[in-house]
Amino acid sequence: MGKKKNKNKMSGAEKTAAKTEKKLANKMKKELANLGEEDIAKVVAEIEREEAKRAAATEKALPGPPSARAYATLTPHPINNELILFGGEYHNGQKTEVYNELIFYNPVNNSWRRLKAPGAPPPRSAHQAVATPANKGELWVFGGEFTSPSETQFYHYKDLWCFSLAEKKWEKVVAPNCPSPRSGHRMVLLGRKLVVFGGYCDDGRECRYFDDLHAFCLDTRSWEKLSPTGRGPSARSACVMVPAGNESLIVYGGFSRVRDGRTERTCTHTDMFRLSARNGAWSWRTLGGGGRVARSGLAAAVNTHANRAYVFGGVCDVEETEEELRGEMSDELALIDLETGKWHGVTLRAEQQAAPVKTEEQVEEAPAEAVTVITDEVFTIKLGGAPTATTKQGEAPRARAQVPSGPSARMSAMLASHRSVLYVYGGVLEKDDKQFYLSDMYSLDLHKLNNWKTLIEQPSLPDWLGSESEDEWDSEDESDSSHSDSE
């Protein structure tokens, strides 16, 4: 008989690669020891074990609102008049703190309460959450990332969790064929399926963006990788993805880094697609509603009763050199008609009153554009292309009339629409090469569209402890995470 092959035998190239990996691992261990940090995978596993030891749920009314954060999820309660805040992160220029807090907001009495339940997920940001009224209410959470305090380590999740709102406990749902680890992805509920698209994963040496599509059936608790027909969106993270009924969804914009020969450049997308499922067959098609200002990190929320999705804020990388990447923030509120896939600007009553009166010549020169008219008992308001009618593709929108209140420009805010009220909470503001995590909150009555109501004030920007040169934000990988990838 011939000699058995040694399965452990490696080629010279494989040995070299293995040695390199070992050196890198040892170097990382030394660096973590110097920083007083443990290996991030061990930290995550230990947190999960500790959370599993909790015997019963406990609730506590908070004396005030939650701390400043971004990349969290703000989800309408599927049964009660409440909002559910989960996770997120805060960065002050020196350290990052990641949360796994489950916090409920009651808009009737403007109160917050924190619920600690058995078996909670480890802390995470840039994840996705969806609520469903089934089984007396469930909150489903997938993916996201955990960052070490020094931001030297990033851990991307591929886990799926279900929180029972009735039983007040978490369940880690393990099923084969799940998506790979990622954050900055998007997830929506179509019928009884959770549909996951895109995102990115950065292991410290390589940053990959995804264009794959997965569906999790809530009835069979099984994952399926979808292969739709037609041309769909390219790999990206931080896009807008909203359900349009039970059989279709819309994807717009997002962020990625693309290879251009030997160089790598950032790309903020402006294209728009619709994914449809009919008789079990999935298909992509391009929508003509794209071509707006390039922007990522927008917050989106769906008003199912009006068949509209509201989109707020975001960032556009308007200038890039080998040493600088500058983002331009937006405070624009727009809506997408989910039936037609068309965009409309949203003009509030206060803005209408502040807008200057046009001359007859200006009115004649204005381009004709379809306008949606909403009549309320108090007044009639037009939602149309006025705020963006003269905006060309890739061109920043013109300054709007100043109003006395409302959320300032920001990216990665939390946005939710519940019982015809729109809520904005937190997010990130870039100013003078610094990133400030916000804690303010606003609401907008979608019936009256009168003006934003301030629920939590942002009296001043939080302290920034980073250096003036902002060395910690200069590397490519960190620019990805801090800029547009996540949310």
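Keep in mind the model is a prediction, meaning the values are calculated, not measured.
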| task | Take Leu115 and Phe163 through the test side chain to side chain contact (heavy atoms under 4.5 Å, CB included) and record every step on the way to the result. | result | CA-CA 11 Å; Leu115 174 62; Phe163 178 73; 3.4 Å; yes
Decide side chain to side chain contact (heavy atoms under 4.5 Å, CB included) for Leu446 and Tyr310; before the verdict, give the C-alpha distance in whole Å, the side-chain angles of both, and the deciding distance to 0.1 Å. CA-CA 10 Å; Leu446 295 177; Tyr310 290 86; 3.7 Å; yes
List the steps and the verdict of side chain to side chain contact (heavy atoms under 4.5 Å, CB included) for Leu455 and Tyr425. CA-CA 9 Å; Leu455 302 176; Tyr425 174 74; over 6 Å; no
**Q.** Note: Arg124-Asp159 ion pair, threshold 4.0 Å (strictly below)
**A.** yes
Residues at least two apart in sequence or cross-chain that pass salt bridge (charged side-chain N to carboxylate O under 4.0 Å, His left out) with Lys168, listed by chain then number, are Glu59
### Message
I want to check something: taking the side chain as every heavy atom from C-beta on, are Ile456 and Trp112 in contact at a cut-off of under 4.5 Å?
### Response
yes
Does either side chain, that of Ser256 or that of His269, offer a donor lying less than 3.5 Å from an acceptor on the other one? yes
Heavy-atom nearest pair, Gly143 first then His127, reads O-CB, 3.2 Å
Practice prompt. Assess the side chains of Glu89 and Thr96: does a donor N or O sit below 3.5 Å from an acceptor N or O?
Written response: no
| task | Answer yes when Asp271 and Arg231 have at least one side-chain N-carboxylate O distance shorter than 4.0 Å, and no when they do not. | result | no
Shortest non-hydrogen pair, Ala309 vs Leu338, comes out as CB-CD2, 3.8 Å
Problem set entry | Arg208, CZ atom: more than 12 neighbouring heavy atoms under 6.0 Å | no
* **Contact check, side chains of Asp211 and Ser234, non-hydrogen atoms, under 4.5 Å** => no
Closest heavy-atom pair, Val242 versus Ala300, reported as atoms and distance to 0.1 Å, is CG1-CB, 3.9 Å
Practice item. Would you please indicate yes or no on a ring centroid separation below 6.0 angstrom for Trp282 and Phe197? Key: no
Could you check whether Arg221 pairs with Glu171 (Lys NZ or Arg NE/NH1/NH2 to Asp/Glu carboxylate O, under 4.0 Å)?
yes
Looking at the rings of Trp223 and Phe142, which for Trp means the six-membered one, are their centres under 6.0 Å apart?
yes
Note: Ser412 and Tyr71 closest approach over all heavy atoms is OG-CE2, 3.0 Å
- Query: Are Arg69 and Ser67 linked by a side-chain donor-acceptor pair shorter than 3.5 Å?
  - Reply: yes
Q) Can a donor-acceptor pair be found between the side chains of Ser439 and Gln458 at a distance below 3.5 Å? A) yes
- Query: Is it true that a side-chain atom of Arg236 and a backbone atom of Gly253 form a donor plus acceptor pair closer than 3.5 Å?
  - Reply: yes
Query raised in the report: What do the steps show when you test Leu422 against Phe312 for side chain to side chain contact (heavy atoms under 4.5 Å, CB included), and what is the final call?
Result: CA-CA 10 Å; Leu422 192 67; Phe312 171 76; over 6 Å; no
Around Glu457, counting heavy atoms of other residues, nucleotides and ligands shown, do more than 12 lie under 6.0 Å from its CD?
-> no
Are Tyr442 and Asp440 linked by a side-chain donor-acceptor pair shorter than 3.5 Å?
-> yes
